[in-house]
Student: 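Below are the structure tokens for one structure; questions will follow.
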Amino acid sequence: MTPNITHTYLTRTLLPVCTILLFLLNSCREEIVIWPPEIISVGDSVHNDIRGFYLLNEGNMGSNKASLDYYDFRTATYTRDFYAFRNPSVPKELGDVGNDIAIYGSRLYVVVNCSNKIEVLNARNGQRIGQINIPNCRYLCFDGQYAYCTSYAGPVIPSAEHAQLGYVARIDTATLTIDKTCIVGYQPDGIAVMNGFLYVANSGGYMAPDYESTLSVIDLSSFTEVKRIHVAPNLHYVFADLYGNLWVSSRGDNNTLSSSVVCLDPNPQAGSDTILCSFNLPIGDICISGDSLYIIGKAFNMVTFEEETSYAIIDIHEKRLLTTCFITDGSEHQIRQPYGIAVHPLTHDIYLTDVKDYISPGMLHCYSSEGILRWSVRAGDIPAHIAFLHD
């Protein structure tokens, strides 16, 4: 059979050319954005003092797939891979595991845990301003001219043999430099500021089954640890409420002790502190809005040997459980793995993420304050943390 000369010539000629072009395009990724962002119309436009919110998708550890999405209330549009779109001159993804996000002043701070950095962006347009290098960084809070970030100090090695005390880094927000650190307990996670003190939740997460169970108290004026408060094993989040109390979550010991949230009346000057109440619930994420503490989570109860799910609300002022399921339209059965939660400061709409199987893209669901599903949209891998952008 006579070969097709034209086909053979084109194949031999065009394949090397195409290969070269693809190489050049990939080599130029740091110079241009090859594809446009994906913008989805969802929900209804709303005009108030909240312009929108950023959603940080964690991405699986080791995948380098942390990403940032943005929802604009005024245009009712959801933009995927917003960071890549706004920063065409830097690598597409944020890095390895997005762990926390916050807006302070005009800047957006994104904690990227396994990439050992905080990315600092312009909160208005998402453009990159700079980077702060902190090993195994975890969570942020702010006070005055400073940002405070917890750090596991060492690499990601879940082993008691290699565990080391963590610290809190004090960051000058004007210069984006670390000017001081304060040693705390093992594997510190959540952090909150109240009345001149920092409260740091020590987890001891690398030391299972011998978890940490203390809350470090740091005097901001001297930036030194002044005491530790015993709370519960494997602490995670800590939030200050409007009444001078702290709400601290515990992951439990993954055996006989279940996860819980504890309300604490701290007294930094005294030798003892008062636990006001405690609630045993599956806890994946929590947030405070006004007098309401929202809790979502799914966990296997080692006592009852059943899987339990919570969409709970606790009245902070009265310290009582209002409901274990704030979703009222039955759509909670469509959620596979609740993971992140945030509440709109003005409308009180509830934003809830579902990470599904932790591998495929997750979902973001918007519920009314009455617990009725308004809309849903596909997010990135492991959608988790939300920061609202004020006008």
Side-chain angles (χ1 to χ4, degrees), residues 53-61 66 68-69 71 97-103 110-111 113 138-141 150 187-192 201 203 205 232 234-241 246-252 254 258-263 278-290 292-300 307-314 316 321-327 332 335-345 348-358 362-367 369 371 376 379-388:
F53 64 79
Y54 290 96
L55 170 61
L56 177 62
N57 301 289
E58 290 185 355
N60 281 291
M61 185 179 295
L68 192 66
D69 298 345
Y71 182 75
V97 187
N99 205 72
D100 196 16
I101 185 172
I103 293 175
V110 183
V111 179
N113 170 226
R138 302 294 291 178
Y139 293 94
L140 283 167
C141 74
T150 53
Q187 291 82 61
D189 272 324
I191 184 170
S203 72
N234 201 0
L235 300 183
H236 191 187
Y237 296 112
V238 55
F239 290 95
D241 67 18
L246 295 172
W247 292 82
V248 187
S249 70
S250 161
R251 301 180 181 96
N254 296 314
S258 62
S259 56
S260 63
V261 62
V262 173
C263 181
S278 178
F279 300 88
N280 293 324
L281 294 163
I283 301 175
D285 196 17
I286 65 177
C287 75
I288 288 180
S289 178
S292 296
L293 176 71
Y294 293 79
I295 299 173
I296 61 167
K298 179 180 284 189
F300 186 79
E307 192 171 60
E308 299 177 350
T309 306
S310 63
Y311 300 96
I313 300 178
I314 293 173
I316 289 175
L321 182 65
L322 298 179
T323 181
T324 57
C325 188
F326 57 72
I327 299 175
E332 70 274 13
I335 299 173
R336 184 169 176 181
Q337 185 66 51
Y339 197 77
I341 187 169
V343 178
H344 194 292
H348 306 296
D349 282 351
I350 304 166
Y351 297 91
L352 173 67
T353 69
D354 177 6
V355 297
K356 296 187 177 294
D357 58 4
Y358 290 90
M363 295 292 295
L364 170 66
H365 303 289
C366 173
Y367 283 87
S369 57
S376 300
D381 292 359
I382 314 183
H385 312 283
I386 288 176
F388 291 97

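Predicted model only: the values in this text are computed from it and were never measured.
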Student: When rounded to the nearest 0.5 angstrom, what is the spacing between OG1 in T353 and OH in Y339?
Tutor: 8.0 Å
Student: Are N57 and D381 side-chain neighbours, meaning at least one heavy-atom pair lies under 4.5 Å?
Tutor: no
Student: Please step through side-chain contact (heavy atoms from CB on, under 4.5 Å) for the pair V111 and R138, ending with a clear verdict.
Tutor: CA-CA 7 Å; V111 179; R138 302 294 291 178; 5.7 Å; no
Student: In Å and rounded to the nearest 0.5 Å, what is the CG to CD distance from D100 to E58?
Tutor: 9.5 Å
Student: For residues Y311 and E332, report the shortest heavy-atom separation together with the two atoms involved.
Tutor: CE1-CB, 3.8 Å
Student: When you measure from the side chain of H385 to the backbone N and O of N99, does any donor-acceptor pair fall under 3.5 Å?
Tutor: yes
Student: Among L322, I316, D241, which residue satisfies the side-chain contact (heavy atoms from CB on, under 4.5 Å) criterion with L293?
Tutor: I316
Student: Of the non-hydrogen atoms in S203 and R251, which two are nearest, and what is the gap between them?
Tutor: CB-NH1, 3.5 Å
Student: Is there side-chain contact between V238 and Y139, with at least one heavy-atom pair below 4.5 Å?
Tutor: no
Student: Search all heavy atoms of L55 against all heavy atoms of A379 and return the closest pair with its distance.
Tutor: CD2-CB, 3.8 Å
Student: Using the test side chain to side chain contact (heavy atoms under 4.5 Å, CB included), find all partners of S259 that sit at least two apart in sequence or belong to another chain.
Tutor: I283
Student: To the nearest 0.5 Å, what is the distance between CG on L281 and OG on S310?
Tutor: 5.5 Å
Student: Taking the side chain as every heavy atom from C-beta outward, state whether D69 and Y71 have any atom pair closer than 4.5 Å.
Tutor: no
Student: For a 4.5 angstrom cut-off between non-hydrogen side-chain atoms, does F279 reach I295?
Tutor: no
Student: Atom CD1 of I335 and atom NE2 of H365: how far apart are they, to the nearest 0.5 Å?
Tutor: 5.0 Å
Student: Taking side chain to side chain contact (heavy atoms under 4.5 Å, CB included) as the definition, give me every residue that meets it alongside S260, ordered by chain and number, with sequence neighbours left out.
Tutor: S250, V262, S278, N280
Student: How long is the gap from NE2 on H348 to OG on S292, to the nearest 0.5 Å?
Tutor: 8.5 Å
Student: Give a yes or no on whether the backbone of I341 and the side-chain of D285 come within a donor-acceptor separation of less than 3.5 Å.
Tutor: yes
Student: Quick one: do V110 and Y54 satisfy side-chain contact (heavy atoms from CB on, under 4.5 Å)? Show the steps, please.
Tutor: CA-CA 10 Å; V110 183; Y54 290 96; over 6 Å; no
Student: Would you say that Y351 contacts F388 through its side chain, given a criterion of any heavy-atom pair below 4.5 Å between the two side chains?
Tutor: yes
Student: Would you call the rings of F326 and Y294 parallel, tilted or perpendicular, taking 30° and 60° as the class edges?
Tutor: perpendicular
Student: Please report the shortest heavy-atom distance between G98 and A66, naming the atom on each side.
Tutor: N-CB, 3.6 Å
Student: Starting at OG of S249, measure out to NE2 of H236 and round the result to the nearest 0.5 Å.
Tutor: 6.0 Å
Student: Mind listing the closest non-hydrogen atom pair of C287 and A342 along with its distance?
Tutor: SG-CA, 4.1 Å
Student: With side chains defined as the heavy atoms from C-beta onward, is the minimum distance between D189 and Y237 less than 4.5 Å?
Tutor: no
Student: Hey, does the side chain of K298 reach the backbone of G284 with a donor-acceptor pair shorter than 3.5 angstrom?
Tutor: no
Student: Using every non-hydrogen atom in the two residues, find where I288 and A240 come nearest and quote the distance to one decimal.
Tutor: CD1-O, 4.1 Å
